[in-house]
Amino acid sequence: MATIRHWTNQEIVDLIREVSAAKQVKGDNFFAIRAYDNAADAIEHLSDSVEHLYRQGKLADIPGIGVNLQNHLTNLIETGRSTQFDHDKKGLPAGMFILLTIPGIGPKSAYKLAKEFNLNSPATAITKLKVAAQKGKIATIEGFGDKSQADILNALDQQKPKLTRIRIDRATIAANKLMTYFNTCPDIGELSLMGSIRRRSNTVGDIDLGLTTTKPDMVTHYIKKYPDIIKLVASGSDLVRVNVSGNLQIDIKLVPPESWGSLLQHFTGSKAHNIHLRELALTKGVSLSEYGIKTKGKLKRYSSEQEFYQAIGLPWVPPELREDQGEIEAALKHQLPKLIEAKDIHADFHTHTNYDWISSHDSANYSIQDLLDRALELGYHTIGVGDHNPSLSSYTSAQIIVEVKKRSQTIDHISQDAKYQSLHVFKTLEVDIRPDGALALPDQAFDYLDYVVASVHSSFNQPASQLTHRVIKAISHPKVKIIGHPTGRIIGERSGFNLNWEHIFAACREHSVALEINAHPSRLDIDELTARSAITAGVNLAINTDSHQLSDLDNMPYGLDVARRGWSTPASIINTWAWPKLHQFLVNN
DNA sequence: GCCGTTTTCGGCCCGACTGTTTTCAGTCG
C-alpha cells in the first residue's frame with residue numbers, strides 16, 4: 001500500500017494560496033478567491049493541526065471553512081491530494097507557483113512570467129527566471145519595466161532566510177527586552193505590544209509594537225541605537241522595521257497620542273476580528289480603519305481602544321478573544337466572559353523535584369525546599385510536590401511502595417517547618433498511563449499520595465479509540481484528579497494525538513477529574529479551543545507548570561494565556577479555588 | 001466559497017505603496 005502524504009498546516013496554507021492564485025489567473029469569482037485567502041489565513045493562525053481537527057470531526061470549527069473546503073480538505077487528508085485543487089491548478093504552468101514566494105510577485109505577474117519563459121517545472125523556474133532577468137528579457141514584457149526587472153533580480157539575489165513562526169515565550173523575552181529599552185526614552189508616551197503577541201497566540205510571526213510620540217525623529221533615532229539590531233529593514237517617520245537576533249522581525253509603529261486607540265486596535269487584530277468589526281460597522285453606516293472611524297466621509301480619531309469600541313456600540317474586547325470566534329456577537333449582547341487573571345492563580349499542582357530515586361522520566365534540578373520557597377514567593381496557598389513515578393524496571397513493586405512512603409514522609413517532614421505554615425502542601429506524583437490504561441504504580445503506593453496526575457508518555461500512535469479508552473481508564477482511577485498534558489503535543493515538533501473529547505469530557509465530569517493546561521511554552525496542552533470546549537462541557541481545568549527547573553515555575557502566565565484565549569472564567573480553573581473546595585476536589589472525592 | 005437577531009440569498013474590509021500608467025492594476029499588510 002502506498003503511503004499517504006501527510007500535510008502540515010503550513011503546507012496546506014501554501015497549497016490553498018496556490019489554488020487562490022490559480023483562480024485569480026483564471027478570473028474566477030472574486031469572492032470565492034477571497035474565501036480561499038481567508039481560509040489560508042485562518043489555518044495559518046490555528047493553534048492545532050488541521051489533520052488533528054479533521055480526526056476529531058472539527059474541521060467546521062475553523063472559521064472560514066465551509067462545506068466545500070471541508071470536503072476538499074477531507075479529500076486531501078484521506079488520499080494525500082485534492083482532486084478539486086488539482087483541477088483548479090490544471091492548465092497553468094507548474095513553475096508559476098514557486099514565483100509567488102518572491103516578494104512583489106503576485107498571481108498575475110507569476111503567470112505572465114511563467115507563460116513567457118515556459119516555466120513548467122517548480123524545480124527550474126527560479127533559475128530560468130533569473131537568467132531571463134539577467135538578459136534583460138523581463139523589462140520587455142508588457143506591464144513590466146526596467147524597475148520591476150531590477151526588483152526581481154534583487155529579490156532573487158537576497159534569498160533571505162524565511163522568517164518562521166517562533167514560540168510565544170521566546171518572542172516575549174525579546175519583546176520585554178525592547179520594551180525595557182523604550183521605557184527609558186523620554187519622548188515616548190504610550191507603549192504597547194500589538195498583533196499576535198498581544199493576543200497571546202502560542203506562536204508569533206513577528207513582533208508588533210506601537211507607541212505614541214510627538215517627536216518621531218527623536219524616537220526613530222533612539223530605536224536605531226538599540227544594541228540587538230542585526231539589520232535595519234525600513235525606517236520612516238511612522239514605522240521602523242528591524243531584525244534582531246533569533247531570526248526575529250520587529251515592527252515599531254509611531255503615532256501621535258490622538259491616534260493611539262485606533263492604531264492599537266487595528267494592529268492588534270486579528271485580521272478576522274477586524275474584518276468582522278468593519279462589516280458590523282458598515283451596517284451602522286460607519287467605516288473603520290487604522291486611522292479612526294469615518295462617518296459620511298468625516299474621520300474621527302480615537303486616543304483609546306475603549307472609546308473606539310464604544311463608538312461602535314461594543315464594550316472593550318480583551319485581545320486574547322479577538323479571533324472572530326464569537327467575541328463580537330458576545331460583546332454585542334454584553335455577554336463577554338469575565339476572564340481569569342494572573343491574580344486569581346493561587347496554586348500549582350504538577351511539578352517535579354530532584355528527589356533522589358530512579359524515576360521513569362527526567363527529574364528536576366531543584367529540591368523540595370526550593371519548590372516550597374518559590375511557591376511562597378509566588379504567593380500560592382497550595383503546591384503539589386510531584387515527581388515522575390519510580391522506574392518499573394529498576395524497582396520491584398514492594399520496593400516502590402516503600403520508596404513512595406519514604407518520599408511522602410520526607411515531604412511531610414520538610415513542610416512542617418514553621419515558614420511553610422501558610423502553604424498547603426500536597427504529596428503527589430505524575431504517573432504514566434501505560435498502553436493498556438493501567439497506571440504505572442502499585443495499588444498500595446497510592447495510599448501515600450493525596451492525588452495523582454496521570455499522563456501518557458508512550459505508545460502515542462495507538463488509534464484514537466484506544467487512546468481514548470486508555471485515558472478514560474486512568475480518569476476512572478479514584479486517586480487520579482488531573483490528566484497531564486492530555487494530547488502530548490510539542491509545538492512545532494509533534495502534533496498531539498487524537499482523543500474523543502466528548503467521551504473524555506463525560507468521564508472527567510463523572511469522576512470529578514480536571515484536564516491540565518500544561519503551561520510549558522513548548523506544550524500549551526490542552527490548547528485554547530479544546531479548553532473552551534471542555535469548559536462548555538462542564539469540565540474543570542488545572543493550569544500547571546510541570547516544572548523541571550526552578551525558572552519553569554514562572555511559566556504559569558503562558559498557561560493563563562491559553563485559559564484566557566479559551567474564554568476561561570476563574571470558576572472553571574481549580575488554581576483559583578479556595579482551600580476547602582480544592583481539598584474536597586483533589587482529596588476527598 | 002462563506003455566512004446569517006434586519007438576509008438560506010445577497011451580500012462580502014480598509015488603506016498604502018509602487019510601477020507603469022494617462023486613471024489604474026497588482027501587491028502587500
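As the structure is a computational prediction, the values presented were derived from the model and not from experiment. Just the heavy atoms: all of them, side chains too, but no hydrogens, waters or symmetry mates, feed the values below. Lettering of chains follows the sequences in order, A, B, ..., and the numbering in each one begins at 1.
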Between [N] and [M], how far apart are the two [atom1] atoms, rounded to whole Å?
{"N": "B:dT20", "M": "B:dG26", "atom1": "P", "answer": "14 Å"}
{"N": "B:dT6", "M": "B:dC2", "atom1": "P", "answer": "23 Å"}
{"N": "B:dT8", "M": "B:dC12", "atom1": "P", "answer": "16 Å"}
{"N": "B:dG11", "M": "B:dG19", "atom1": "P", "answer": "38 Å"}

Round to a whole Å and report the spacing from [atom1] of [X] to [atom2] of [N].
{"X": "A:I33", "N": "B:dG1", "atom1": "CD1", "atom2": "C1'", "answer": "11 Å"}
{"X": "A:L282", "N": "B:dC14", "atom1": "CG", "atom2": "C1'", "answer": "10 Å"}
{"X": "A:D324", "N": "B:dC3", "atom1": "CG", "atom2": "C1'", "answer": "11 Å"}
{"X": "A:I62", "N": "B:dG1", "atom1": "CD1", "atom2": "C1'", "answer": "15 Å"}
{"X": "A:I152", "N": "B:dT18", "atom1": "CD1", "atom2": "C1'", "answer": "13 Å"}
{"X": "A:K333", "N": "B:dG4", "atom1": "NZ", "atom2": "P", "answer": "12 Å"}
{"X": "A:I328", "N": "B:dT5", "atom1": "CD1", "atom2": "P", "answer": "12 Å"}
{"X": "A:E279", "N": "B:dG11", "atom1": "CD", "atom2": "P", "answer": "14 Å"}

Tell me whether the side-chain N/O atoms of [X] come closer than 4.0 Å to OP1 or OP2 in [N].
{"X": "A:T283", "N": "B:dT6", "value": "no"}
{"X": "A:S287", "N": "B:dC14", "value": "yes"}
{"X": "A:K112", "N": "B:dG26", "value": "no"}
{"X": "A:S148", "N": "B:dT18", "value": "no"}

Which nucleotide sits closest to the side chain of [X]: [options]?
{"X": "A:A35", "options": "B:dC2, B:dC12, B:dG15", "value": "B:dC2"}
{"X": "A:N68", "options": "B:dA16, B:dT27, B:dC2", "value": "B:dC2"}
{"X": "A:S289", "options": "B:dG19, B:dC14, B:dC12", "value": "B:dC14"}
{"X": "A:K108", "options": "B:dT20, B:dG26, B:dG1", "value": "B:dG26"}
{"X": "A:L69", "options": "B:dG19, B:dG26, B:dG1", "value": "B:dG1"}

Over-ring placement of [X] relative to [Y], 6.0 Å and 45° cut-offs:
{"X": "A:K137", "Y": "A:F117", "value": "no"}
{"X": "A:K225", "Y": "A:Y222", "value": "no"}
{"X": "A:R565", "Y": "A:W567", "value": "no"}

For A:H276 and A:E142, find the nucleotide of DNA chain B closest to each by heavy atoms; which residue's nucleotide sits nearer the 5' end?
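Residue closer to the 5' terminus by nearest nucleotide: A:H276.
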Assign each of A:Y291 and A:D88 the nucleotide of DNA chain B bearing its closest heavy atom; nearer the 5' end lies the nucleotide of A:D88
Regarding [X], tell me which of base, sugar-phosphate or nothing describes its non-hydrogen contacts under 4.0 Å with the strands shown.
{"X": "A:F30", "answer": "nothing"}
{"X": "A:Y36", "answer": "sugar-phosphate"}
{"X": "A:K253", "answer": "nothing"}
{"X": "A:L277", "answer": "nothing"}
{"X": "A:N38", "answer": "nothing"}

Quick check: does any side chain N or O of A:T220 sit under 3.5 Å from a backbone N or O of A:P216, one acting as donor and the other as acceptor?
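Pair found, side chain donor or acceptor close to backbone of A:P216.
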Derivation of the side-chain contact (heavy atoms from CB on, under 4.5 Å) call for A:Y54 and A:Q70
CA-CA 9 Å; A:Y54 161 75; A:Q70 276 179 61; over 6 Å; no
As a test of understanding, state which of A:R489, A:E493, A:R494 forms a side-chain contact (heavy atoms from CB on, under 4.5 Å) with A:I491.
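Answer to the side-chain contact (heavy atoms from CB on, under 4.5 Å) test with A:I491 among A:R489, A:E493, A:R494: A:R489.
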Scan every strand shown for a Watson-Crick or G-U wobble partner of B:dG11, both distances under 3.5 Å, and answer none if you come up empty.
B:dC2
Aromatic plane relationship, A:Y309 with A:H273 - under 30° parallel, 30 to 60° tilted, over 60° perpendicular
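Geometry flag for A:Y309 against A:H273: tilted rings.
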